[in-house]
Amino acid sequence: ILHLRKQGIELQPLLKGRQVIPDPELDVDRSEVEPSFPFDYHRGFPNSVYFERQYGPTSYELKAIDRLCDAIEMAHPLSAIQRWQFVQFTPDHVAHLLEREVLRHARQLYLSWSDMWATSGSVDAINGIAKQIATSPFLRQLHKLTFWYPVGNAGLEALGNAIALDSLESLQLYVSEVSSDGIAQLAQSPLAKRLRELTLSQEGYLWPESIRGLTSGRWECLHTLSFPNDKIKLAGVGILALSDALPELVSLDLSGNPLGSEGMINLSQSSNLNLRELHLDRASLGREGLWHLTRSDLTNHLRALSLEDNDSPVADVRQLMQSSWFSQLRHLNFHSLTLRDKELTSLAEGDLYQELTKLNWYGSVLDPPCKPSQGAELVKALHLPKIRHLRLAAIPMGTRGAKALAGKEWISSIRMLDLSNCEIGESGAKALLETLCPNQLVHLKLANNDLSDSIEALFDERFPIARLELK
């Protein structure tokens, strides 16, 4: 997140010192308060603001929220700030914040508090916040709400029936305490008729009754559904797969759920899901699960597939790659794939990646560790004519591999490139900087390659807008 001063506005003096903004009304002993402002503040790019609470006396922090809002109103037009992130805000902080008109142009609102069980009756307090959001006159333009609080049935009911949130299209609920009845109420609510994205992460297991409640209504507009790390029961996967309540669903995320082969069998039963994106990271698929995925009708229309950290043998991954549908993929994530040195180049051969715009091999484990010469052969074999985002981190390729990559015709179209821990050396890095396009590149990661400050200076000269990571 960019600091505000990078955009030519010096707001920090307004926020960072008691001497700059004296407040004689504070009823806190000054010796007990840190001299800095109790929130970490960033003006994001281009329309976002991020606040992270730095712990201190609550009465001082509530005063600080008011000063913060006043300073922002003075510094720049509110219409320019559409995405707000508030991290480590207690229920008291959020309730106080929601009374401020400063949020009236918010389109995205992110609220989180990690120490959520620090006070008694916290679920009731969280439900109160949800009800306050549902009735706020300042959130009429809100499109996306991310809520890292243990909201219960009453809070979810208020959000589902909120007339004031008629623009809300994306709802993300993490560590929620909603029962199957609460989910069923949401499915029957006015919000379900217009919601386009739903993330539901329960505290504990997601039982089949909850999935049945979700599919009791008809989600006419929902195109993205996520159940991250929910320990979803296998019977629930079957209910979801056979339901006709999600006619527009194109993206399904079951990452972090131990599906295994049985869960993959249940999911493959579906004749109603026409998915274009499927995320099965850390789903314990194994050999059998991958076999069922390869032969499933779910893959007929896929354009994005993520299989991070599934302990699948490369031979089975290779079989998946030879499927008729594989070449139609646009995005592919093989993060944390275990490779043997002789298998490395086999995954890059042929024209399997003709349509890919995103490829992620970050964190792949090489057993035994390959030599840079073998990594260079992998790079030489790659043919990615439409690639825009490429992550090959932790695959040693040496200077030779970096120069081979720099010589590819498609390198000038790259927008994000990650070659961290690739042993590319100074000359390899310089070769890349000479061929990457300043009008395309947004983010370059070259961390842990033992590069000197001269690389950073060369990058700053050639790429004034892009971001570089060397550490």
Side-chain angles (χ1 to χ4, degrees), residues 251 276-279 281 299 301-308 314 317-318 320-337 339 343-364 372 374-424 428-447 449 459 462-463 465-469:
S251 178
R276 296 177 66 85
E277 295 184 17
L278 182 58
H279 301 266
D281 304 331
T299 59
H301 305 287
L302 277 188
R303 294 296 181 269
L305 177 63
S306 187
L307 295 173
E308 175 181 327
V314 172
V317 172
R318 181 67 181 170
L320 178 144
M321 293 170 62
Q322 292 172 341
S323 302
S324 59
W325 53 267
F326 188 85
S327 60
Q328 71 192 14
L329 292 179
R330 304 291 189 272
H331 301 170
L332 179 62
N333 179 13
F334 275 159
H335 186 291
S336 300
L337 181 67
L339 304 171
E343 299 167 328
L344 191 61
T345 55
S346 70
L347 294 181
E349 295 171 349
D351 296 324
L352 297 174
Y353 306 126
Q354 291 286 324
E355 300 299 322
L356 279 187
T357 60
K358 285 186 178 182
L359 174 61
N360 182 10
W361 272 344
Y362 177 79
S364 293
Q374 294 167 318
E377 292 301 317
L378 166 72
V379 173
K380 282 186 176 181
L382 280 175
H383 182 53
L384 303 166
K386 296 184 179 180
I387 200 70
R388 297 295 180 268
H389 297 251
L390 179 61
R391 306 190 75 184
L392 299 175
I395 297 180
M397 64 181 68
T399 299
R400 180 181 161 196
K403 290 184 176 180
L405 186 60
K408 298 289 184 179
E409 293 179 1
W410 37 265
I411 191 67
S412 60
S413 299
I414 292 283
R415 295 182 62 79
M416 197 287 282
L417 178 63
D418 186 356
L419 298 180
S420 303
N421 298 290
C422 288
E423 303 177 20
I424 64 173
K430 289 179 180 179
L432 287 167
L433 294 181
E434 290 171 358
T435 54
L436 289 166
C437 179
N439 293 331
Q440 293 289 335
L441 188 68
V442 174
H443 191 182
L444 178 62
K445 299 182 71 173
L446 300 177
N449 278 294
F459 179 88
R462 182 167 166 75
F463 303 92
I465 299 178
R467 177 186 176 197
L468 174 67
E469 289 186 42

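Everything numeric in this text was worked out from a predicted model, so none of it was measured.
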* To do: Please check if the side chain of Asn421 supplies one atom and the backbone of Ala393 the other of a donor-acceptor pair under 3.5 Å.
  => no
* Structure fact -> To the nearest 0.5 Å, atom CZ of Arg388 lies from atom CZ of Arg330 at 12.0 Å
* To do: Indicate the atoms forming the closest heavy-atom contact of Met416 with Asp418, along with that distance.
  => SD-N, 4.0 Å
* Asked: Do the non-hydrogen side-chain atoms of Phe463 and Leu433 ever get within less than 4.5 Å of each other?
  -> yes
* Count the heavy atoms belonging to other residues, nucleotides or ligands that lie under 6.0 Å from NZ of Lys445, then report whether that count exceeds 12. => yes
* Structure fact -> For Ser412 and Cys437 the tightest heavy-atom approach is O-CB, 3.1 Å
* To do: Check whether any side-chain heavy atom of Leu307 sits under 4.5 Å from a side-chain heavy atom of Leu332, and report yes or no.
  => no
* Distance (rounded to the nearest 0.5 Å) between Asn439 CG and Arg415 CZ -> 10.0 Å
* Asked: Within the distance-only criterion (no hydrogens, no angle test), does the side chain of Lys380 pair as donor or acceptor with the backbone N or O of Gly375 below 3.5 angstrom?
  -> no
* Basic-acidic side-chain contact under 4.0 Å: Lys386, Glu355 -> yes
* Enter the distance from Leu446:CG to Phe459:CZ here, rounded to the nearest 0.5 Å. => 8.5 Å
* Distance-minimising heavy-atom pair for Thr435 and Ala431 -> OG1-O, 3.2 Å
* **Sidechain N-carboxylate O distance under 4.0 Å for Arg400, Glu377** => yes
* Just wondering, do Ile387 and Ile411 contact through their side chains at under 4.5 Å, heavy atoms? -> no
* Asked: Is His383 close to Gln354 at the side-chain level, that is, under 4.5 Å between some pair of heavy atoms?
  -> yes
* For residues Leu436 and Arg462, report the shortest heavy-atom separation together with the two atoms involved. => O-NH2, 2.8 Å
* **Donor-acceptor pair between Thr357 and His331 side chains, under 3.5 angstrom** => yes
* Asked: Under 4.5 Å between any side-chain heavy atoms of Met321 and Tyr353, yes or no?
  -> yes
* Glu423 vs Met397 side-chain heavy atoms within contact, under 4.5 Å -> no
* **Gap between atom CD1 of Ile395 and atom CG of Leu419 - 0.5 Å precision** => 9.5 Å
* Donor-acceptor contact below 3.5 Å, side chain Arg391 vs main chain His389 -> no
* Do Pro385 and Glu409 have side chains that get closer than 4.5 Å, going by heavy atoms? -> no
* Residue pair Ala402 / Leu432: nearest heavy atoms and the distance that separates them -> O-CD2, 3.8 Å
* Side-chain heavy-atom pair Thr299, Phe326 within 4.5 angstrom cut-off -> no
* Asked: What is the distance from atom NZ of Lys358 to atom CG of Asn333, rounded to the nearest 0.5 Å?
  -> 10.0 Å
* Find the distance between CG (Leu405) and SG (Cys422) and round it off to the nearest 0.5 Å. => 9.5 Å
* Structure fact -> Between Leu382 and Trp410, the two heavy atoms sitting closest are O-CZ2, 3.9 Å
* To do: Return the orientation label for the Phe334 and Trp361 ring planes: parallel under 30°, perpendicular over 60°, tilted otherwise.
  => parallel
* Under 3.5 Å, side chain of Glu469 to main-chain N/O of Ser420, donor-acceptor pair present? -> no
* **Backbone of Ala447 reached by a side-chain donor or acceptor of Asn449 within 3.5 Å** => yes
